[in-house]
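The structure under discussion appears below in the form of structure tokens.
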Amino acid sequence: MPVAKVALLTGITGQDGSYLAEYLLALGYEVHGVVRRSSLFNTQRIDHMYEDPHEGSAMRLHFGDLTDGVTLRRILEAVGPEEVYHLGAQSHVRVSFDMPEYTVESVALGTLRLLEAIRDVDRTGIRFYQAGSSEMFGAAPPPQSERTPFYPRSPYACAKVFAHHQVVNYREAYGMFAVNGILFNHESPRRGETFLTRKATRAATRIKLGLQFTLYLGNTRAKRDWGYAGDYVRAMHLMLQQDQPEDFVIATGSTHSVQEWVHAVFDRLGLDPADHVREDPRYFRPTEVDVLLGDASKARERLGWVPVVGFDELVDMMVTSDLRLAERERLLLEAGHREPPAIESRA
Ligand code: NAP
Ligand code: G4F
């Protein structure tokens, strides 16, 4: 029987981490994840994969934090992974303006800490994936590809640019198999509720069921290249299976405005956004990224990667999932379990 490959994921409790863990487990990997300590459980997205470790679970979790290099090093030594997928980050762009120092601490220095730990533990044997972002392109005109110069427009994007260059430098300086995936926005029913797509599907479905009336948004003119997270984690894995370490843009190649997303969501529910959507200056960013539109032809040619889920299917998937959630919420409410929670978003 072939020996299972061992992978270590930071950010395993996040949207991408949960899909990647599922994907790797299905391929027969032994998956280890770094989980930060929280006073409440933060493993909802991966609970369905968890088995009792006493019975030989293929997924194991380790307490750690990107701000704590000593622990990252210990985990690496204990786990001995062949592949490291570094997905952990303070990943909210708007929040990065409120918490620039922590964002840089976790996103930029967190990546550096991990690279240093890998350099000490095993310089060439470990393959390393860095979760780069299309936010790094910022104000650079579309379409954006691997050849487009970065023009970051937020503390988050600046931190990702730092991490990107560190990965390139560790590759060149120490011969590490280290790659940057430059991923455009990708969404799913597991998307955090303060990101635009999910905020809209959550609000519209709650409005439909009478649990909420208004959706407050910021800039609805911005355009994004939105894909499906389940498709994008396949690309992360492919990048680490290549003969040579290289950076890749991952995107759908089509772009839609925030307004278009919101309309598509409300349309599916037979609602008119004009009755419910209001502007709130709190959700505008000091500097915005106006248009993201990725050119993923290198990934298509070299990795054979193409996205499967398109815009309409993504909207359907997220609306269907959030409608079920809202129905359950209403059921509990009608059964007298609790007051409707105020889930007005904070970002
Ligand atoms: P996400 O849902 O926000 O997940 C972020 C993960 O990082 C969570 O597991 C979170 O833990 C963890 N984390 C945050 N701060 C940490 C710290 N100090 N120490 C250890 N772990 C920490 O993000 P995502 O959408 O899955 O994105 C995954 C990665 O891809 C991120 O690096 C993001 O910046 C990048 N990215 C995302 C997109 C996108 O469209 N989704 C596009 C390009 C790049 P908790 O669960 O405890 O919060
Ligand atoms: O959903 P968003 O918060 O995603 P954003 O800023 O594009 O960042 C996401 O994608 C990046 C890849 O390009 C990742 F690196 C990053 O980690 C994250 O996953 O906002 C999308 C757009 C923005 O233009 C924002 O200004 O929607 C606009 N928007 C308008 N009203 C809003 C809102 N965004 C949020 N979150 N909340 C609003 O009320």
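Whatever order the structure lists ligands and atoms in, that order sets their numbers, starting from 1. Note that the numbering runs from 1 along the sequence shown for the chain.
Looking at residues two or more places apart in sequence or on another chain, you find no ring-ring contact (aromatic ring centres under 6.0 Å, His included) involving Y129.
Using a 4.0 Å cutoff on heavy atoms, E193 does not count as a contact of ligand 2. Residue N185 places a heavy atom less than 4.0 Å from ligand 1. Every heavy atom of F284 sits 4.0 Å or more from the atoms of ligand 2. The shortest separation from a heavy atom of T220 to ligand 2 is not under 4.0 Å, leaving the residue out of contact. Look at Y156 and you'll find a heavy atom under 4.0 Å from some atom of ligand 1. By the 4.0 Å heavy-atom criterion, N42 is counted among the residues contacting ligand 1. Residue contacts with ligand 2 do not include R94, since none of its heavy atoms lies under 4.0 Å from the ligand. Within the structure, the closest approach of G110 to ligand 1 does not fall below 4.0 Å when heavy atoms are considered. No heavy atom of E135 sits closer than 4.0 Å to any atom of ligand 1. Look at R191 and you'll find a heavy atom under 4.0 Å from some atom of ligand 1.
When only interatomic distances are considered, the shortest N/O to N/O separation between S134 and ligand 2 falls below 3.5 Å. For ligand 2, the polar-atom distance check finds an N/O of L196 within less than 3.5 Å of one of the ligand's N/O atoms. Of the polar atoms of T13, at least one N or O is found under 3.5 Å from an N or O of ligand 1, judged by distance alone. Backbone and side-chain nitrogen or oxygen atoms of Y283 are examined, and none is located within less than 3.5 angstrom of a nitrogen or oxygen of ligand 2. Close N/O approach between N185 and ligand 2 is found [any backbone or side-chain N/O within under 3.5 Å]. At least one N or O atom of L66 sits closer than 3.5 Å to an N or O atom of ligand 1. Considering backbone and side-chain atoms together, S133 places no N or O closer than 3.5 Å to any N or O of ligand 1. Note: no N/O pair closer than 3.5 Å links R45 and ligand 1 by distance alone. Residue contacts with ligand 2: T197 is placed with no nitrogen or oxygen under 3.5 Å of a nitrogen or oxygen of the ligand (distance criterion only). No N or O atom of F184 sits closer than 3.5 Å to an N or O atom of ligand 2.
Ionic pairing of D322 and R198 is present here: one or more N-O contacts between side-chain nitrogen and carboxylate oxygen are shorter than 4.0 angstrom. Ion pairing between R330 and E334 holds under the 4.0 Å rule for side-chain N and carboxylate O. A salt bridge does not link R153 to E288: none of the charged side-chain nitrogens sits closer than 4.0 Å to a carboxylate oxygen. Between E83 and R127 there is no salt bridge, since no side-chain N of the basic residue sits under 4.0 Å from a carboxylate O of the acidic one.
D16 OD2, 3.7 Å is the protein heavy atom nearest to atom 27 (O) of ligand 1. Nearest protein neighbour of atom 6 (C) of ligand 1, counting heavy atoms only, is G11 CA, 3.6 Å. Among all non-hydrogen protein atoms, the one lying nearest atom 29 (C) of ligand 1 is L87 O, 3.1 Å. The protein atom (non-hydrogen) at minimum distance from atom 43 (C) of ligand 1 is L183 O, 3.1 Å. Regarding atom 2 (O) of ligand 1, its nearest protein heavy-atom neighbour is Q15 N, 3.0 Å. The nearest heavy-atom contact from the protein to atom 17 (C) of ligand 1 is D65 OD1, 3.5 Å. For atom 48 (O) of ligand 1, the closest heavy atom belonging to the protein is R36 NH2, 2.8 Å.
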Can you give each donor-acceptor pair under 3.5 Å made by side-chain atoms of residues 307-317, sequence neighbours left out, with the distance rounded to 0.1 Å?
| residue | atom | partner | partner atom | Å |
| --- | --- | --- | --- | --- |
| D316 | OD1 | R268 | NE | 2.4 |

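In this model, a donor atom of one side chain and an acceptor atom of the other lie less than 3.5 Å apart for H48 and E22. Side-chain polar atoms of S106 and Q90 form no donor-acceptor pair below 3.5 angstrom. Judged purely by distance below 3.5 Å, without hydrogens or angles, the side chains of Q15 and S188 pair a donor atom with an acceptor atom.
Looking at N42, its side chain never comes within 3.5 Å of a backbone N or O of T13 through a donor-acceptor pair. For R285 (side chain) and G218 (main-chain N/O), no donor-acceptor pair under 3.5 Å exists by modelled atom type. With hydrogens and angles disregarded, no donor-acceptor distance shorter than 3.5 Å links the side chain of D247 to the backbone of V179.
With a 4.0 Å cut-off on non-hydrogen atoms, H186 touches ligand 1 through its backbone as well as its side chain. Counting heavy atoms under 4.0 Å from ligand 2, residue H92 touches it through the side chain alone. Contact annotation for T194 and ligand 2: only backbone heavy atoms (N, CA, C, O) come within less than 4.0 Å of the ligand. When non-hydrogen atoms are compared, ligand 2 lies under 4.0 Å from neither the backbone nor the side chain of E279. By the criterion of a heavy-atom distance under 4.0 Å, neither the backbone nor the side chain of H92 is placed next to ligand 1.
Cation-pi geometry between R278 and Y216 is not met at under 6.0 angstrom from the ring centre and within 45 degrees of the axis. A cation-pi arrangement is present between R191 and F195 under the rule of less than 6.0 angstrom and at most 45 degrees off the ring axis. No cation-pi contact links K208 to F266, judged by a cut-off of 6.0 Å to the six-membered ring centre and 45° from its axis. Cation-pi geometry between K298 and F248 is met: the NZ or CZ atom falls under 6.0 Å from the ring centre, inside 45° of the normal.
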Full working for ring pair (Phe, Tyr, Trp, His ring centres under 6.0 Å) between W305 and Y232: CA-CA 9 Å; W305 179 87; Y232 285 42; 5.4 Å; yes
CA sep, side-chain torsions, deciding dist, call: T255, D225, side chain to side chain donor-acceptor pair (under 3.5 Å): CA-CA 4 Å; T255 191; D225 181 332; over 6 Å; no
Worked check of side chain to side chain donor-acceptor pair (under 3.5 Å) between Y85 and Q130: CA-CA 7 Å; Y85 296 88; Q130 147 67 8; over 6 Å; no
H237 and Q241: CA distance, side-chain angles, deciding distance, side chain to side chain donor-acceptor pair (under 3.5 Å) verdict: CA-CA 7 Å; H237 177 254; Q241 313 312 309; 3.2 Å; yes
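Contact annotation: the side chain of H165 approaches that of F150 to within less than 4.5 Å [non-hydrogen atoms, C-beta and beyond]. In this structure the side chain of F41 never reaches within 4.5 angstrom of the side chain of D47, judged on heavy atoms.
Ligand-side atoms of ligand 2 in range of E288: 23 (C), 24 (O), 25 (C), 26 (O), range being under 4.0 angstrom from any heavy atom. Residue Y156 has at least one heavy-atom neighbour below 4.0 Å for each of these atoms of ligand 2: 14 (C), 15 (F), 16 (C), 17 (O). Annotation for ligand 1: atoms under 4.0 Å from non-hydrogen atoms of A131 are 29 (C), 30 (O), 32 (O), 35 (C). Atoms of ligand 1 found under 4.0 Å from any heavy atom of Y102 (numbered from 1 in listed order, with element): 15 (N), 16 (C), 17 (C), 18 (N). With ligand atoms numbered from 1 in the order given, ligand 1 contributes 43 (C), 44 (C) to contacts under 4.0 Å with heavy atoms of G132.
Around atom 13 (N) of ligand 1, the closest heavy atom drawn from S38, A89, G192 belongs to A89. Around atom 23 (O) of ligand 1, the closest heavy atom drawn from G14, S91, G17, G64 belongs to S91.
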